[in-house]
Amino acid sequence: MKRILIKDLDNHIDEQVRIQGWLQTLRDQKNMQFLIIRDRTGLVQVAHYKKGNLELAETISMLGTESALTLTGKVVKNEVVKLGGLEIQLEDLSVEGAADVPLPFEPYGEFLPDQDFRLDWRYLDLRRDLNRLIFEVQTTAEQAMREYWLDHDFVEIHSPKIMGAPSESGAELFSLPYFETTAYLAQSPQFYKQMAMAAGFERVFEIGPVFRADPSFTSRHMTEFTGVDMEMSWIDSHEDVMAFMERWLAYTYEKVIEAHGEAIEETFGVHLTVPSVPFPRITMAEAHDLLEDLGYKLPPGKVFDLDPGAERAIGAHFKETQGHDYVFVTEWPFEVRPFYHMLKSEGGSLTRSFDLLGKGLEVTTGAQREHRYDVLQTQALAKGLTLEPIQNYLNYFRYGTPPHGGFGFGLSRFLMIMLDLSNIREAVYLFRGPTRLTP
RNA sequence: GGGGGCGUGGUGUAGUGGUUUAACAUGCGGCCCUGUCAAGGCCGAGACCGCGGGUUCGAAUCCCGUCGCUCCCGCCA
């Protein structure tokens, strides 16, 4: 017999059906047993008259909640049943996966344990509808991003995650034994996607893992996360990248709202709207003036930079004045940017780079890259780097590499912003942090 | 790496110097009742209050250390 999903049961009134799911609640009475069964589409009550099958009644009595079951029975309309006005009269039940008693915690209980405890039992935590929705949204979002890229002639790449030499600073790299030598886990596909520009691919994207050996203890950092990266050639400035990005993001919102807007509103209380294009923009200098007006005081060291509090303040300001969740911060000083960001003007101190803040959270860094070999060398030296370790990278710019730029975007941070999640651990399938390597 | 907060039955909390044989909820076990539906009623098991030291006549409660978790800062996506 074919399995029927719970949401479709009302199309099968008075039919015998087979359903599969988890036992959410068991009400074991003197004459009757009521089982509330959950599958990924909903809940249904299953009724069993004990005297009709004493052996089955005994099996049911022994069941632990959250056991995985296959049940067959007849679907009947019953207005008395508060759960959908229908129920299944049980005929047979098989226990596919019994749940030990007691459970570490009840996924559908009145209260939830601490997050750290839920993470220990992540698969039980993930049984909650809310968690399933997060990953449905993620799936839709990624598909929309890909659609948009493909509609704009992008090519997908998968760059290696094992590297022979530290690429940028080296401080935040994990190292690992690699036969007779030491290898490093990629902390960004940055250099490899730029290589694709040197290769003439013109437009590439990659969605893949990124590793950062920073011992960061915050609600928005992970040591492994999914980076969403793109790079495009023949641009005039970083403004071309920003213009592409905001349309790409708006398209993603459109698709997510179309598929999950209602569910998101119900579950997270967030009414999603497509962010209007163009997104607000503010230069670093303007941002500092704004912060002064807002009465936000930056720490003394942050002369040409922002701290998280400043980012939140700027985000809140644009929400208030323009009703916009996103804002680009542009014209970052070279001092706080990597050596490969192109300068705004030759010899100047500002770069052609931007950050994108979503609800005050940094979700993207992007820039036009410096593609001129000699200028790039000069900038690396200005940062105090030695050229030898990055010579392979520098070589990408020796034989005709077009002007280009791109960005890196945090997938889980994006979900946090979209769904108002307060902690990145809730937005990722399995969290990895300085003290969390399991499950 | 620096700073703050928290750590009490399986889980979530209360208790913050002596009416504590540590309370309540939920979960678990047993019984009762009932086509139940946030089911209800009664009974029961389950915590030496993270760990170690100290102060005190007396410590879950105060102090010190330590470990764990968490948030903020640094850093970034």
Side-chain angles (χ1 to χ4, degrees), chain A residues 24-36 43-50 61-62 64-66 76 78-87 89 99-121 124-125 168-169 171-172 187-190 207-229 298-299 301-302 305-312 336-338 355-358 361-366 407-417 422-425 427-428 433-436:
Chain A
Q24 187 156 320
T25 304
L26 170 63
R27 286 190 276 275
D28 196 353
Q29 304 183 169
K30 190 175 188 180
N31 300 310
M32 294 292 297
Q33 290 168 319
F34 298 97
L35 301 86
I36 306 302
L43 297 171
V44 66
Q45 171 167 294
V46 176
H48 181 236
Y49 179 60
K50 282 170 131 178
S61 290
M62 302 301 292
T65 50
E66 292 299 317
V76 296
N78 186 345
E79 295 307 328
V80 177
V81 178
K82 293 178 182 172
L83 192 59
L86 61 78
E87 69 181 1
Q89 293 173 337
D100 274 358
V101 175
L103 293 160
F105 76 96
E106 298 271 327
Y108 285 85
E110 283 178 36
F111 46 76
L112 284 174
D114 281 348
Q115 183 179 66
D116 191 55
F117 186 85
R118 284 189 284 122
L119 259 37
D120 285 338
W121 295 96
L124 287 179
D125 192 34
E168 298 179 41
S169 71
E172 55 190 21
Q187 96 285 40
S188 151
Q190 183 60 38
I207 300 178
V210 172
F211 305 91
R212 301 277 166 94
D214 281 326
S216 293
F217 299 93
T218 75
S219 56
R220 60 188 185 279
H221 286 86
M222 302 189 275
T223 50
E224 175 180 352
F225 63 93
T226 301
V228 176
D229 276 84
L298 280 160
K302 298 276 184 187
D305 204 352
L306 300 175
D307 69 357
E311 293 175 342
R312 288 190 288 271
V336 298
R337 291 306 217 190
D355 271 15
L356 179 66
L357 306 180
L361 176 65
E362 198 173 321
V363 70
T364 293
T365 296
F407 64 79
F409 172 91
L411 184 60
S412 297
R413 285 196 179 178
F414 173 59
L415 289 170
M416 286 176 78
I417 293 164
S422 62
N423 193 305
I424 203 159
R425 294 165 181 83
V428 69
T435 60
R436 168 68 69 175

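Fair warning: this is a prediction, and the values are worked out from it, not measured in the lab. Below, chain A is the first sequence line, B the second, and so on; all start at residue 1.
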Considering Watson-Crick and G-U wobble pairs with both distances under 3.5 Å, what does [N] pair with?
{"N": "B:G7", "value": "B:C67"}
{"N": "B:G1", "value": "B:C73"}
{"N": "B:C62", "value": "B:G54"}
{"N": "B:G12", "value": "B:C24"}
{"N": "B:G29", "value": "B:C43"}

Note to self: Going by centres under 5.5 angstrom and planes under 30 degrees, do the aromatic ring of A:F225 and the base ring of B:A77 stack?
What the structure shows: yes
Using the aromatic ring of A:F34 (for Trp, its six-membered ring), decide whether it stacks on the base of B:U36 within the limits of 5.5 Å and 30°.
yes
Nearest-Å distance once atom [atom1] is located in both [N] and [M]:
{"N": "B:G9", "M": "B:G29", "atom1": "C1'", "answer": "15 Å"}
{"N": "B:A38", "M": "B:U56", "atom1": "C1'", "answer": "48 Å"}
{"N": "B:U8", "M": "B:U20", "atom1": "C1'", "answer": "13 Å"}
{"N": "B:C28", "M": "B:G10", "atom1": "P", "answer": "15 Å"}
{"N": "B:G30", "M": "B:A22", "atom1": "P", "answer": "27 Å"}

With a 4.0 Å cut-off on heavy atoms, is [X] in touch with a base, just the backbone sugar-phosphate, or nothing at all?
{"X": "A:T218", "value": "base"}
{"X": "A:F217", "value": "base"}
{"X": "A:L112", "value": "sugar-phosphate"}
{"X": "A:P215", "value": "base"}
{"X": "A:V81", "value": "base"}
{"X": "A:S219", "value": "sugar-phosphate"}
{"X": "A:Q89", "value": "nothing"}
{"X": "A:T435", "value": "sugar-phosphate"}
{"X": "A:Q29", "value": "base"}

Judged by nearest nucleotide, the residue sitting upstream toward the 5' end of RNA chain B, A:D114 or A:V80, is A:D114
Judged by nearest nucleotide, the residue sitting upstream toward the 5' end of RNA chain B, A:R436 or A:T365, is A:R436
Quiz item: [X] side-chain donor-acceptor pair to [N] base, under 3.5 Å:
{"X": "A:Q45", "N": "B:U36", "value": "yes"}
{"X": "A:R220", "N": "B:C72", "value": "no"}
{"X": "A:S216", "N": "B:C75", "value": "yes"}

For [X] and [N], what is the distance between atoms [atom1] and [atom2] respectively, to the nearest whole Å?
{"X": "A:L357", "N": "B:A77", "atom1": "CG", "atom2": "C1'", "value": "12 Å"}
{"X": "A:R118", "N": "B:U11", "atom1": "CZ", "atom2": "P", "value": "14 Å"}
{"X": "A:D28", "N": "B:C33", "atom1": "CG", "atom2": "C1'", "value": "13 Å"}
{"X": "A:Q33", "N": "B:G35", "atom1": "CD", "atom2": "C1'", "value": "13 Å"}

>> Parallel, tilted or perpendicular: which one describes the rings of A:F414 and A:F409, with boundaries at 30° and 60°?
In response: tilted
Practice item. Please check the phosphate of B:C73 (OP1 and OP2 only) for any side-chain N or O of A:R312 closer than 4.0 Å. Key: yes
Residue pair A:L306 / A:R312, side-chain heavy-atom distance below 4.5 Å
no
